[in-house]
Number of protein chains: 2
Amino acid sequence: MTRTEPARNPKPVTLTDVARLAGVSVATASKALNGRDQVAPATRQRVIEAADRLAFSPNPLARGLIAGRTGTVGLLTSDLVGRFVLPILTGAEDAFGAGQVNVFLCDARGDAIREQHHLRALLSRRVDGLIVVGERTDPRPSLGPDIPVPVVYVYAPSDDPADLSLTPDNTGAARLAVEHLVGSGRTRIAHISGDPAYAAAQDRAVGTREALAAAGLELVGDVMFSDWTEHWGRDAAALLLEHHPDVDAILCGSDQIARGVLDTARDLGRRVPEDIAVMGFDNWEVLTTNSRPQLTSIDANLQHLGRTAAQRVFAALDGVDVGHGIQYLPTRLVIRGSTIARR
Amino acid sequence: MTRTEPARNPKPVTLTDVARLAGVSVATASKALNGRDQVAPATRQRVIEAADRLAFSPNPLARGLIAGRTGTVGLLTSDLVGRFVLPILTGAEDAFGAGQVNVFLCDARGDAIREQHHLRALLSRRVDGLIVVGERTDPRPSLGPDIPVPVVYVYAPSDDPADLSLTPDNTGAARLAVEHLVGSGRTRIAHISGDPAYAAAQDRAVGTREALAAAGLELVGDVMFSDWTEHWGRDAAALLLEHHPDVDAILCGSDQIARGVLDTARDLGRRVPEDIAVMGFDNWEVLTTNSRPQLTSIDANLQHLGRTAAQRVFAALDGVDVGHGIQYLPTRLVIRGSTIARR
DNA sequence: CTGTTAGCGCCTTCAC
DNA sequence: GTGAAGGCGCTAACAG
């Protein structure tokens with residue numbers, strides 16, 4: 001007798017079962033359970049007990065048939081690592097308090113065919129709306145205008161300006177970072193970033209330059225682009241410290257790069273943060289909180305992004321005009337020991 | 001005109017649309033598409049073309065009664081980080097080739113209430129089965145015997161032996177690791193692990209001891225337990241190298257710990273792998289491929305686990321007895337520079 | 001107060 | 001080959 005033997009498995013209990021056990025009609029049972037006030041207290045009690053006894057839980061889809069809304073959104077992603085999509089998912093679920101929203105995540109792995117396949121599956125399952133998440137902030141192809149439910153693009157914006165997209169404000173984020181460094185007394189600031197083909201790399205570089213200019217400073221050397229790895233962080237830092245030994249802060253394009261930079265700094269005997277401040281980007285906890293010292297970083301507020309996306313989906317369902325185009329949401333500075341000495 | 005304005009959005013295409021386009025009744029269209037034999041071949045052809053043209057996909061929910069498999073499984077997880085669940089999801093989707101299976105992932109965040117909520121949502125959407133994924137290998141509460149579809153527990157096994165659970169063979173994994181170390185000439189092997197409350201920590205410790213004994217060796221010192229962090233890895237390695245300077249290999253309970261161990265080894269001037277071999281566990285790429293040197297690790301074959309789970313779900317649907325209890329699946333050794341010098 | 005009736009949106013199965 | 005009926009599980013109107 002295994003749980004995986006379908007023949008043995010009971011059907012889910014329906015309102016009809018409850019009504020029968022309580023000796024009332026389905027309508028009465030429905031009213032009793034939904035707190036309508038046209039039911040005798042004794043009857044209500046009986047129904048509730050029956051429901052409890054049968055462990056009844058209403059079929060949300062049947063409710064959705066009537067309400068025209070199921071409280072479920074589909075989350076289409078291509079973020080294999082899940083670094084971005086999972087916080088976004090969590091945020092979306094919490095958009096209206098616990099247990100109000102269901103999110104179904106499907107992974108398309110960057111494949112248009114798979115995306116269509118999942119899209120169909122989600123739509124036929126009556127999701128109220130869709131959230132589409134990509135793993136970089138470069139525009140991605142729109143799902144098109146023919147989706148029968150509201151769609152919000154998150155992190156990776158849609159390439160169609162008629163769509164609504166929510167993405168972190170990377171330019172502003174870099175500004176935050178530089179202001180933090182300058183505010184804590186740094187003046188010789190360099191920027192080691194990742195793959196220049198990423199919009200995120202470009203936006204952060206622009207923001208860095210702008211904020212430096214605003215503070216009357218100039219970047220030490222050029223922005224160093226290559227890839228988003230620790231390895232590059234190590235190499236770049238070695239190069240940088242050789243050519244510009246007087247650098248007193250390194251803003252990195254990702255936490256991984258920052259980890260590499262920390263390694264090299266240590267190898268070369270530079271103390272962090274005393275001699276050099278090091279900052280990461282993305283606030284990926286497994287990297288930031290485990291390094292020596294812990295990494296100051298920029299958090300993209302992904303949960304907030306997810307929450308906002310879900311709220312927009314349901315607002316659109318309510319007929320509210322939620323706007324369109326790319327909306328840039330604020331990021332958050334997380335200060336740790338790599339920029340400010342403890343105590 | 002935004003994509004999120006519901007009034008502008010076309011309805012999904014239904015059988016009615018197909019029938020209209022093909023110039024037949026819905027009934028005929030239904031028969032034609034379902035391969036019933038009371039339809040003229042020409043008509044059937046026309047209907048099929050119409051369906052294609054409209055990209056029609058039948059709504060799996062509207063088939064009130066019959067068993068028609070929907071090719072969809074629900075994935076219930078509590079793995080916030082997604083390190084385990086995402087490869088498992090990928091594997092499940094690939095169980096029968098691309099585009100055959102849809103997986104809907106729901107995150108319960110370790111909360112029983114949320115889990116019930118998602119469970120209902122998934123079941124009402126007519127998923128064919130469920131895969132339940134936890135983030136540790138300790139047993140988790142069963143969903144109970146009253147689920148109307150096959151359920152397979154992955155990574156975290158169910159506490160009910162009547163359920164089917166698939167989990168990595170941690171004991172065997174540790175054996176693999178020790179055999180690799182011994183096979184490459186190490187004899188003074190220590191084991192730094194994580195939180196001893198985790199079954200994974202205990203299982204790996206047992207496997208390590210067994211394999212050492214089988215090789216006629218003994219562990220250097222005791223197994224060192226604390227937590228799964230780089231920080232602990234650094235501290236533990238310092239302690240270990242002080243008390244047992246002659247150690248020539250350190251098997252770590254996780255990649256994070258191993259990263260910390262690598263740091264300390266470098267600080268103390270021990271060369272890896274020449275003086276000391278270091279091994280991680282879990283093969284978390286962001287950690288293993290970015291370290292200096294890259295980390296040899298044990299891969300739990302999570303994709304294979306996911307694929308197997310999905311296959312079991314559908315086999316059970318076909319009435320095959322897929323067994324029950326905990327099944328331990330083999331792991332895989334991934335050799336990198338931290339145990340064997342390159343070239 | 002409670003039961004009856006009528007759908008929600010879609011598909012399948014009857015009769016004709 | 002067709003139209004009409006039936007059903008999924010639930011709730012909202014109305015009757016009684």
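Every chain is numbered from 1, with letters handed out A, B, ... down the list of sequences. What's counted below: heavy atoms across the whole structure, side chains too, no hydrogens, waters or symmetry copies.
Under 4.0 angstrom from either OP1 or OP2 of D:dG1 there lies no side-chain N or O belonging to B:Thr28.
The stretch residues 41-50 of chain B has no heavy atom under 4.0 angstrom from DNA chain C at all.
In this view, A:Phe56 satisfies the ring-ring contact (aromatic ring centres under 6.0 Å, His included) rule with no residue, not counting sequence neighbours. Legend: residues meeting side-chain contact (heavy atoms from CB on, under 4.5 Å) with A:Ser30, ordered by chain and number and at least two apart, are A:Leu15, A:Asn34. Residues passing the side-chain contact (heavy atoms from CB on, under 4.5 Å) test with B:Ile326, sequence neighbours excluded: B:Pro157, B:Ser165, B:Thr167, B:Tyr328.
For the side-chain contact (heavy atoms from CB on, under 4.5 Å) with A:Leu130, the lone residue among A:Val313, A:Val152, A:Leu119 that qualifies is A:Leu119.
Side-chain N/O atoms of A:Glu93 and B:His117 include no donor and acceptor closer than 3.5 Å. Side-chain atoms of A:Thr70 and A:Asp128 include a donor-acceptor pair closer than 3.5 Å. No hydrogens or angles considered: nothing links the side chains of A:Arg125 and A:Thr72 as a donor-acceptor pair under 3.5 Å.
Between B:Asp94 and A:Arg114 a salt bridge is recorded (basic side-chain N to carboxylate O distance below 4.0 Å).
Residue A:Leu123 contributes atom CG, which lies 12 Å from atom P of C:dC10 at whole-angstrom precision. In this structure, the CZ atom of B:Arg20 is 12 Å from the P atom of C:dC10, given to the nearest Å. Distance CG (A:Leu65) to P (C:dC11): 13 Å, rounded to an integer number of Å.
Taking the six-membered ring for Trp and thresholds of 30 and 60 degrees, B:Phe104 and A:Phe104 have nearly parallel ring planes, at less than 30 degrees apart. Note on ring orientation: taking the six-membered ring where Trp is involved, the planes of A:Phe314 and A:Phe96 are perpendicular (angle over 60°, cut-offs 30° and 60°).
The bend of the helix from C:dC1-D:dG16 to C:dC16-D:dG1, defined by the angle between the axes of its first five and last five pairs, stands at 60° to the nearest 10°.
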>> Can you build the contact string for nucleotides 10-16 of chain D? Use B for base contact, S for sugar-phosphate-only contact, and - for no protein heavy atom under 4.0 Å.
In response: BBBB---

